[in-house]
Amino acid sequence: MRLSRYFLPVTKEPPADAQIVSHKLMLRAGLVRQTSAGIYAWLPMGHRVLRKIEQIVREEQDRAGAIEMLMPTIQSADYWRDTGRYDAYGPEMLRITDRQDRDLLYGPTNEDMLTAIFRNASNSYRDLPRILYHIQWKFRDEIRPRFGVMRGREFLMKDAYSFDLDEAGARVSYNRMFAAYLRTFARMGLRAIPMQADTGPIGGDLSHEFIILAPSGESEVFFHKSWEEARSAEDYAVDADDTEALQVFVDAMTADYAATDEKRDEAAEAALGDDLRRSRGIEVGHIFYFGDKYSKPLDFKLPGPDGEMVTPVGGSYGIGVSRLVGAIIEASHDDDGIVWPEPVAPFKVGLINMRVDDDACAAAADDLYAKLEAAGVEVLYDDRDERGGAKFATMDLIGLPWQLVIGPRGIKNGVVELKNRATGDREELSAEAALEKLA
RNA sequence: CGGGGAGUGGCGCAGCCCGGUAGCGCAUCUGCUUUGGGAGCAGAGGGUCGCAGGUUCGAAUCCUGUCUCCCCGACCA
């Protein structure tokens with residue numbers, strides 16, 4: 001993409017409304033624009049990041065055996081009346097009336113609808129277990145939206161729903177999602193810590209929040225120092241179809257203490273002593289088991305293997321996709337701007353032509369741009385008629401992992417400069433070598 | 001929802017108290033010079049001051065109402 005033809009409104013100063021660093025940077029780097037309280041338009045650059053994150057989530061859901069579908073944003077109130085949640089949900093749900101005076105709502109979640117759909121379309125225990133998911137916009141009329149996309153009213157969420165014959169089966173589905181979540185966040189360059197969370201009226205231990213450590217986090221969290229170690233997706237490699245191995249994995253990942261403020265265990269913390277860490281955290285995912293909470297009121301029963309009717313049990317599993325954009329920036333930035341982890345970066349390379357009016361420079365940059373594109377490298381080519389300093393500042397702000405600089409100085413010596421945004425390391429090398437390194 | 005604050009060119013702000021017909025920085029456009037970390041000089045364009053009513057000869061400024069946004073708190077992907 002040529003920057004001269006792109007839509008990337010970057011600014012030196014953020015609007016006064018923005019408080020936290022990710023919100024400021026998202027506005028300055030031209031990722032989003034606010035259109036109402038807690039509602040955002042995703043500009044081209046932000047949209048690319050959102051899609052990258054969404055795709056990683058999708059791949060890991062698929063790997064875990066979940067099946068993608070898509071449900072609507074607008075739901076009939078009847079789905080919610082059938083589960084008894086229409087009156088229970090409260091003002092956070094945006095209620096709408098259509099021209100026939102039918103009650104509709106903008107979905108804040110989809111348990112009610114999906115359970116009804118799944119119930120009507122499944123016939124026996126052979127249709128279980130299943131995990132279905134979709135990635136769709138939600139609306140929750142938050143009392144006070146804030147922190148940009150971190151607590152918006154409209155947000156993109158991946159929500160999955162499992163259906164199993166019994167609790168033992170549900171635990172397997174739960175474990176699949178548990179492992180998938182750790183891999184998902186690790187692939188985005190995030191260290192997410194699974195923390196015991198409230199299970200509500202169901203009880204049990206099958207509820208975890210996945211927390212990213214960041215000073216701007218909304219909740220205070222406490223954990224064993226072992227979670228400070230960096231981990232990659234490979235550290236979370238486990239065969240989702242190997243039930244036993246999966247349980248061993250989950251047990252290992254929940255062995256070390258980690259709790260949110262609400263679930264603190266003073267005795268456990270005292271036992272940790274100096275190994276206890278405390279931080280602020282951002283919740284990027286939440287998984288929980290809810291038993292027959294929805295299948296029962298919907299009278300969802302299936303003939304079991306022995307001919308007896310069985311009420312399936314389920315869980316739901318959410319990831320805040322749009323929130324992750326903010327969370328990643330909170331976890332990865334410096335004074336100059338965003339530092340995108342490569343897997344979620346909107347472009348891999350920022351190609352800078354230092355002197356647009358220099359024929360040799362322009363020719364070399366055009367050539368390298370064409371070759372990068374041909375090699376399938378996602379490259380943003382700054383071909384604007386700007387001074388070098390302005391281009392460097394823009395590139396640092398938008399945080400692409402690699403900056404490839406072509407200027408008269410290097411051209412003279414037959415080299416280009418490659419800079420790593422995260423480390424600041426620069427090296428001079430031939431255009432061919434740079435191409436090979438980036439392709 | 002309770003408490004606080006703010007709406008003035010794209011962004012950040014001043015002007016309001018002490019009414020007299022809108023200003024500054026950044027950004028934008030043109031020209032010249034410049035060109036490896038947000039250039040300099042000269043010139044130019046762009047707002048009628050959230051909206052509605054009222055007071056007044058005259059309202060961005062005073063009064064009333066209303067809408068929107070932000071911050072703190074209780075709640076949450």
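Each chain gets a letter, A, B and so on, in the order the sequences are listed, and its residues count up from 1.
Atom pair A:Leu397:CG and B:rG37:C1' shows a separation of 14 Å (rounding to whole Å applied). With rounding to whole Å, A:Ile135 atom CD1 is found 14 Å from B:rA77 atom C1'. One interatomic measurement links the two molecules: CZ of A:Phe147 to C1' of B:rC70, which rounds to 12 Å at whole-angstrom precision. The CD1 atom of A:Ile53 sits 14 Å away from the C1' atom of B:rA77 (whole-angstrom rounding).
When the P atom is compared between B:rC57 and B:rA52, the two are found 23 Å apart, to the nearest whole Å. Rounded to the nearest Å, the gap between the P atom of B:rG50 and that of B:rG15 is 15 Å.
Salt bridge annotation for A:Glu417-A:Arg426: present, with a cationic side-chain nitrogen under 4.0 angstrom from a carboxylate oxygen. A:Arg187 and A:Glu60 are joined by a salt bridge, as a carboxylate oxygen and a charged side-chain nitrogen come within less than 4.0 angstrom of each other.
The side chain of A:Arg28 sits closest to B:rG38 out of B:rC71, B:rG38, B:rG37. Side-chain atoms of A:Ile143 lie closest to B:rC1 of the nucleotides B:rC69, B:rC1, B:rA77.
Ring geometry for A:Phe210 versus A:His208: interplanar angle of 30 to 60°, hence tilted. The aromatic rings of A:Tyr174 and A:Phe178 sit tilted relative to each other, their planes meeting at an angle between 30° and 60°.
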task = Starting from the C-alpha separation in whole Å, work towards a yes-or-no answer on side-chain hydrogen bond (donor to acceptor under 3.5 Å, both in side chains) for A:His286 and A:Ser207.
result = CA-CA 7 Å; A:His286 193 171; A:Ser207 176; 3.3 Å; yes

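Contacts of A:Val405 with the nucleic acid, taken as non-hydrogen atoms under 4.0 Å apart, include base atoms. Across all strands, A:Arg153 comes closer than 4.0 Å to no nucleic acid atom at all (heavy-atom distances).
Residues A:Ser219 and A:Asp261 bring no donor and acceptor atom of their side chains to less than 3.5 Å of each other. Defined by atom type and a distance below 3.5 Å, a donor-acceptor pair is present between the side-chain atoms of A:Gln55 and A:Arg58.
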Polar atom pairs (N or O), protein with nucleotides 2-13 of chain B, under 3.5 Å:
{"residue": "B:rG12", "atom": "OP1", "partner": "A:Ala16", "partner atom": "N", "Å": "3.0"}

Distances for protein N or O near nucleotides 26-31 of chain B N or O, under 3.5 Å:
none

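Mapping A:Ile411 and A:Gly38 onto RNA chain B by nearest heavy atom places A:Ile411 at the nucleotide closer to the 5' end. If you find the closest nucleotide of RNA chain B to A:Ala18 and to A:Met354, the one lying nearer the 5' end belongs to A:Met354.
Remark: B:rC49 base-pairs with no nucleotide in the shown strands. Criterion, Watson-Crick or G-U wobble with two distances under 3.5 Å. Figure legend. B:rC13 is base-paired to B:rG23; pairs are counted as Watson-Crick or G-U wobble with both atom distances under 3.5 Å. Summarising the base pairing, B:rC62 is matched to B:rG54 through a Watson-Crick or G-U wobble pair whose two defining distances lie under 3.5 Å.
For the pair A:Arg95 and A:Tyr86, the cation-pi test (distance below 6.0 Å, angle within 45°) is passed. For the pair A:Arg48 and A:Phe347, the distance from NZ or CZ to the six-membered ring centre is under 6.0 Å and the angle to the ring normal is within 45 degrees.
B:rA77 has A:Phe155 stacked on its base ring, the centres lying under 5.5 angstrom apart and the planes within 30 degrees of parallel.
No hydrogens or angles were tested; on distance alone, nothing pairs the side chain of A:Arg146 with the base of B:rG73 as donor and acceptor under 3.5 Å.
The ring-ring contact (aromatic ring centres under 6.0 Å, His included) analysis of residues 44-84 of chain A, with sequence neighbours excluded, yields the pairs A:Trp80-A:Tyr89.
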